Novice: 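Sharing a structure here in structure tokens format.
Counting starts at 1 for both ligands and their atoms, in listed order. Please read these numbers as outputs of a predicted model, since none were measured by experiment.
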Amino acid sequence: MTTPPADNSQAQAASAPHVGKVALVTGASRGIGRAIASALAAGGAKVACVATSADNAAQTAAACAELTDGARAYGVDVAATSDVAELVAQVREELGGLDILVNNAGITRDQLLLRMGEEDFDRVLAVNLKGTWNFCKAACRPLMKARGRIVNITSVVGLTGNAGQANYAASKAGVVGLTKSLAKEFAGRALCVNAVAPGFIETDMTAAIDEQAAAELKASIPLKRMGTPEEIAATVDFLVGPAGAYITGQVLVVDGGLSLG
Ligand SMILES: NC(=O)c1ccc[n+]([C@@H]2O[C@H](COP(=O)([O-])OP(=O)(O)OC[C@H]3O[C@@H](n4cnc5c(N)ncnc54)[C@H](OP(=O)(O)O)[C@@H]3O)[C@@H](O)[C@H]2O)c1
């Protein structure tokens, strides 16, 4: 009697959940975006790695290309609406579609309101909120067709507020409202839209915090440490994979308990 060949299809699907998908990740040159691009590539997705310039995103794209059969670097200012539309069309043409959009690019320009200039408010809103809207707008038709996924990176600060970050917190609260509204608009087309709200994560963005402030910060986090980019990437990976198919309009907080207060 011969033993039938083992059915490895379930194991393969679990280890490579994004095979056949094309993902676009903004802010992919560094930090959280780089970790997200790598996680999606490790799951088999072709990945468009977007930063302010293709040169900046090139290292991430090269690392992704080691993991999957398609990865490219692209450059755009996410705040520039027509450039974003052109970029999305280019990615679809070059990578063969679009199934997963991760809006991760973001900036801070921290200052107490008394000292905050109008330009600091406008630019943070333009990159963090308008940039997210730009990509959702440009990509929603192909994403609906693909019954795809959108994940927007917000911040716990968008939920709790933070002194010195009125511009940043407003932009991230806006991303929450945008996410929930789009989840309602696209649910009928099985396009799930969610947000991930990191707490304090070890990246260039938080590297400027001085040693004493960082120590105080860690002490205030119930898990007593900052998070890693990979921990945020794992959450995004879950939301855009098969396990996230029945989750939409949610904000998943990944902050070591910081926002528990
Ligand atoms: N780190 C944290 O503790 C933390 C906490 C909560 C939320 N977040 C959010 O997580 C996201 C990633 O943060 P991070 O800490 O990884 O940041 P980061 O290390 O400072 O990297 C920022 C990324 O955004 C890109 N970017 C900035 N402005 C852009 C623009 N106008 N157009 C296109 N790309 C632009 C940068 O590209 P270039 O390299 O080309 O400049 C870079 O890839 C952000 O949305 C941030 O607000 C971070």
Novice: Could you work out, with salt bridge (Lys or Arg N to Asp or Glu O under 4.0 Å) as the rule, every residue matching Arg92, not counting sequence neighbours?
Specialist: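 Applying salt bridge (Lys or Arg N to Asp or Glu O under 4.0 Å) to Arg92 gives none.
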Novice: Checking side chain to side chain contact (heavy atoms under 4.5 Å, CB included) between Thr179 and each of Asn152, Asn103, Thr132, which is the one that passes?
Specialist: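 When side chain to side chain contact (heavy atoms under 4.5 Å, CB included) is applied between Thr179 and each of Asn152, Asn103, Thr132, only Asn152 qualifies.
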Novice: Near ligand 1, which residues have a heavy atom under 4.0 Å away from one of its atoms?
Specialist: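 If the criterion is a heavy atom under 4.0 Å, then ligand 1 touches Gly27, Ala28, Ser29, Arg30, Gly31, Ile32, Ala51, Thr52, Asn56, Val76, Asp77, Val78, Asn104, Ala105, Gly106, Ile107, Arg123, Val127, Ile153, Thr154, Ser155, Tyr168, Lys172, Pro198, Gly199, Phe200, Ile201, Thr203, Asp204, Met205, Thr206.
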Novice: Distance from Phe135 atom CZ to Thr81 atom OG1, nearest 0.5 Å?
Specialist: 10.5 Å
Novice: Applying salt bridge (Lys or Arg N to Asp or Glu O under 4.0 Å), name anything that partners Asp204, two or more places apart in sequence or on another chain.
Specialist: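 Checked Asp204 against salt bridge (Lys or Arg N to Asp or Glu O under 4.0 Å); matches are Arg30.
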Novice: What is the minimum heavy-atom distance between Gly244 and Cys192, and which atoms define it?
Specialist: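 Minimum heavy-atom separation between Gly244 and Cys192: O-SG, 4.4 Å.
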Novice: Can you run down the side chain to side chain donor-acceptor pair (under 3.5 Å) pairs that involve residues 238-261, sequence neighbours left out, and say none if there aren't any?
Specialist: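 For residues 238-261: Asp255-Ser259.
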